[in-house]
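Here's the structure we're looking at; comments come further down.
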Amino acid sequence: MSRPITKDELLHLAEKNFSQLMLLVANLSEEELQHEFEIPSLNRNRRDVLMHLHHWHLLFEQWYTVGIQGGKPVMPAEGYTWKTTPQLNIAIHQMYQHTPGISAIELLQSSHQLLLDIIGKHSNEQLFQKKFYKWTGSTSLGSYIISATSSHYDWAIKFLKKRK
């Protein structure tokens with residue numbers, strides 16, 4: 001499916017890609033979720049990938065909450081710019097090193113549902129009209145949600161399959 005342009009397409013692709021991701025991790029043991037990949041990277045195991053996704057969900061939810069209340073959210077996070085996203089990802093990685101793998105799945109499922117709930121509150125126009133919300137700048141709310149859901153899940157699926 002190409003990039004979503006309607007609410008239904010956005011929900012469908014977010015759910016489809018999330019389901020595919022869950023198929024890769026849902027029945028794994030704690031040991032398998034935390035087993036180090038042979039190919040070195042920032043995300044050294046499946047848990048790291050899941051917590052990366054979860055934290056970006058939380059970041060989006062913060063932007064959304066501030067923005068929908070009329071404020072200007074700090075993006076991507078306090079102390080970081082879009083150019084320093086690699087350093088933010090390192091901080092995210094370090095933040096979750098003591099999170100059990102099973103908890104990572106539960107946290108990701110919960111934050112995924114949070115984003116689905118946000119999608120459900122909005123019309124096609126609110127999601128996909130550029131500049132509909134001042135806080136989204138020159139883009140659309142839907143574009144941010146795609147980045148936090150279906151596109152990010154697609155990255156995670158490809159990443160995990162390469163390291164299988």
Side-chain angles (χ1 to χ4, degrees), residues 1-28 33 42-43 46-78 80-86 88-89 92-93 95-96 99 103-164:
M1 175 182 267
S2 58
R3 190 171 174 86
I5 58 170
T6 68
K7 178 178 179 173
D8 288 343
E9 289 174 359
L10 177 57
L11 286 167
H12 173 75
L13 193 57
E15 285 284 45
K16 178 182 172 225
N17 287 5
F18 188 76
S19 293
Q20 288 177 357
L21 175 61
M22 287 296 103
L23 284 174
L24 295 175
V25 299
N27 294 318
L28 298 178
L33 289 166
L42 174 61
N43 296 299
R46 290 169 184 87
R47 187 263 335 267
D48 289 349
V49 172
L50 300 177
M51 294 315 304
H52 172 88
L53 296 170
H54 168 69
H55 196 83
W56 277 94
H57 285 170
L58 298 182
L59 288 173
F60 170 80
E61 193 272 336
Q62 289 173 0
W63 308 336
Y64 173 81
T65 299
V66 170
I68 216 75
Q69 294 173 351
K72 181 167 175 40
V74 176
M75 296 166 71
E78 190 69 45
Y80 297 94
T81 66
W82 291 113
K83 288 183 180 180
T84 62
T85 299
L88 173 57
N89 285 332
I92 292 168
H93 168 77
M95 196 179 309
Y96 293 102
T99 303
S103 295
I105 292 173
E106 293 168 355
L107 288 166
L108 181 58
Q109 288 170 330
S110 177
S111 62
H112 168 74
Q113 185 60 52
L114 178 73
L115 269 62
L116 294 181
D117 292 345
I118 289 171
I119 295 167
K121 294 177 184 179
H122 295 278
S123 67
N124 283 326
E125 180 184 22
Q126 292 169 325
L127 287 167
F128 291 102
Q129 180 180 312
K130 291 182 179 185
K131 302 181 184 181
F132 189 90
Y133 296 106
K134 187 175 182 180
W135 73 269
T136 63
S138 62
T139 191
S140 68
L141 176 61
S143 184
Y144 280 105
I145 296 172
I146 291 166
S147 294
T149 59
S150 58
S151 291
H152 221 170
Y153 302 156
D154 189 49
W155 161 81
I157 292 163
K158 289 175 183 171
F159 184 88
L160 292 175
K161 284 183 175 181
K162 278 186 183 177
R163 282 151 179 83
K164 198 167 187 180

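Computed from heavy atoms alone, side chains included, the values below leave out hydrogens, waters and symmetry copies. Computed from a prediction, not measured in an experiment: that's the story for all the values here.
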- Task: Could you list the residues that satisfy ring-ring contact (aromatic ring centres under 6.0 Å, His included) with Phe132, not counting sequence neighbours?
- Result: none

- Report the C-alpha distance between Arg47 and Ser103 in whole Å, list the side-chain angles of each, state the deciding distance to 0.1 Å, and finish with yes or no for side chain to side chain donor-acceptor pair (under 3.5 Å). CA-CA 9 Å; Arg47 187 263 335 267; Ser103 295; over 6 Å; no

- Task: Would you sort out whether Asn89 and Trp56 count as a side chain to side chain donor-acceptor pair (under 3.5 Å), showing the intermediate values?
- Result: CA-CA 9 Å; Asn89 285 332; Trp56 277 94; 2.9 Å; yes

[atom2] on [Y] to [atom1] on [X], rounded to 0.5 Å:
{"X": "Ser150", "Y": "His12", "atom1": "OG", "atom2": "NE2", "value": "10.5 Å"}
{"X": "Asn124", "Y": "Glu9", "atom1": "CG", "atom2": "CD", "value": "8.5 Å"}
{"X": "Leu115", "Y": "Gln113", "atom1": "CG", "atom2": "CD", "value": "9.5 Å"}
{"X": "Phe60", "Y": "Ser111", "atom1": "CZ", "atom2": "OG", "value": "12.0 Å"}
{"X": "Leu13", "Y": "Thr6", "atom1": "CG", "atom2": "OG1", "value": "10.5 Å"}
{"X": "Leu127", "Y": "Tyr144", "atom1": "CG", "atom2": "OH", "value": "14.5 Å"}

Can you name the nearest heavy-atom pair linking [X] to [Y], along with the distance?
{"X": "Ile5", "Y": "Phe128", "answer": "O-CD1, 3.5 Å"}
{"X": "Lys7", "Y": "Ile119", "answer": "CE-O, 3.4 Å"}
{"X": "Leu33", "Y": "Ile105", "answer": "CD1-CD1, 3.8 Å"}
{"X": "Asn43", "Y": "Phe159", "answer": "O-CZ, 3.6 Å"}
{"X": "His112", "Y": "His57", "answer": "N-ND1, 3.4 Å"}
{"X": "Ala77", "Y": "Leu59", "answer": "CB-CD2, 3.9 Å"}

- Between Lys158 and Asp154, is the closest basic N to carboxylate O distance under 4.0 Å?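 Counted as a salt bridge, because a side-chain N and a carboxylate O are separated by less than 4.0 Å.
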
- Are His52 and His152 close enough that their ring centres sit under 6.0 Å apart?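 Between His52 and His152, the centre distance is under 6.0 Å.
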
- Do the side chains of Val25 and Leu160 get nearer than 4.5 Å, heavy atoms only? yes

- Message: Using side-chain heavy atoms (C-beta onward) and a distance below 4.5 Å, is Leu108 in contact with Met22?
- Response: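 Of all side-chain heavy-atom pairs linking Met22 with Leu108, at least one is under 4.5 Å.
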
- Taking atom CG of Leu114 as the centre, report whether more than 12 heavy atoms of other residues, nucleotides or ligands fall under 6.0 Å from it. yes

- Query: Is the number of heavy atoms from other residues, nucleotides or ligands under 6.0 Å of Asp117 CG greater than 12?
  - Reply: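 Yes - once you tally the heavy atoms of other residues, nucleotides and ligands closer than 6.0 Å, there are more than 12.
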
- Message: For Tyr133, is there any backbone N or O sitting under 3.5 Å from a side-chain donor or acceptor partner on Thr136?
- Response: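 Yes, Thr136 side chain to Tyr133 backbone: donor-acceptor pair under 3.5 Å.
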
[X]: which residues meet the side chain to side chain donor-acceptor pair (under 3.5 Å) condition with it, sequence neighbours left out?
{"X": "Trp135", "result": "none"}
{"X": "Glu61", "result": "Thr65"}
{"X": "Lys162", "result": "none"}
{"X": "Asp8", "result": "none"}

- Query: Aromatic rings His122 and Tyr64: how do their planes relate, parallel, tilted or perpendicular, breaks at 30° and 60°?
  - Reply: perpendicular

- Pick one: which of Met51, His55, His54 meets side-chain contact (heavy atoms from CB on, under 4.5 Å) with Ile92?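 Passing option: His55.
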
- Item | For Lys161, salt bridge (Lys or Arg N to Asp or Glu O under 4.0 Å) partners two or more places apart | none

- Take Leu42 and Asp48, measure what side chain to side chain contact (heavy atoms under 4.5 Å, CB included) needs, and give me the verdict at the end. CA-CA 8 Å; Leu42 174 61; Asp48 289 349; over 6 Å; no

- For side chain to side chain contact (heavy atoms under 4.5 Å, CB included), just list the numbers for Leu116 and Glu15, CA-CA rounded to whole Å, side-chain angles, deciding distance to a tenth of an Å, and then say yes or no. CA-CA 9 Å; Leu116 294 181; Glu15 285 284 45; 3.3 Å; yes

- Query: Could you walk me through whether Leu21 and Leu53 pass the side chain to side chain contact (heavy atoms under 4.5 Å, CB included) check?
  - Reply: CA-CA 11 Å; Leu21 175 61; Leu53 296 170; 3.4 Å; yes

- Any chance you could lay out the side chain to side chain contact (heavy atoms under 4.5 Å, CB included) test for Lys16 and Tyr153, step after step, and finish with the verdict? CA-CA 9 Å; Lys16 178 182 172 225; Tyr153 302 156; over 6 Å; no

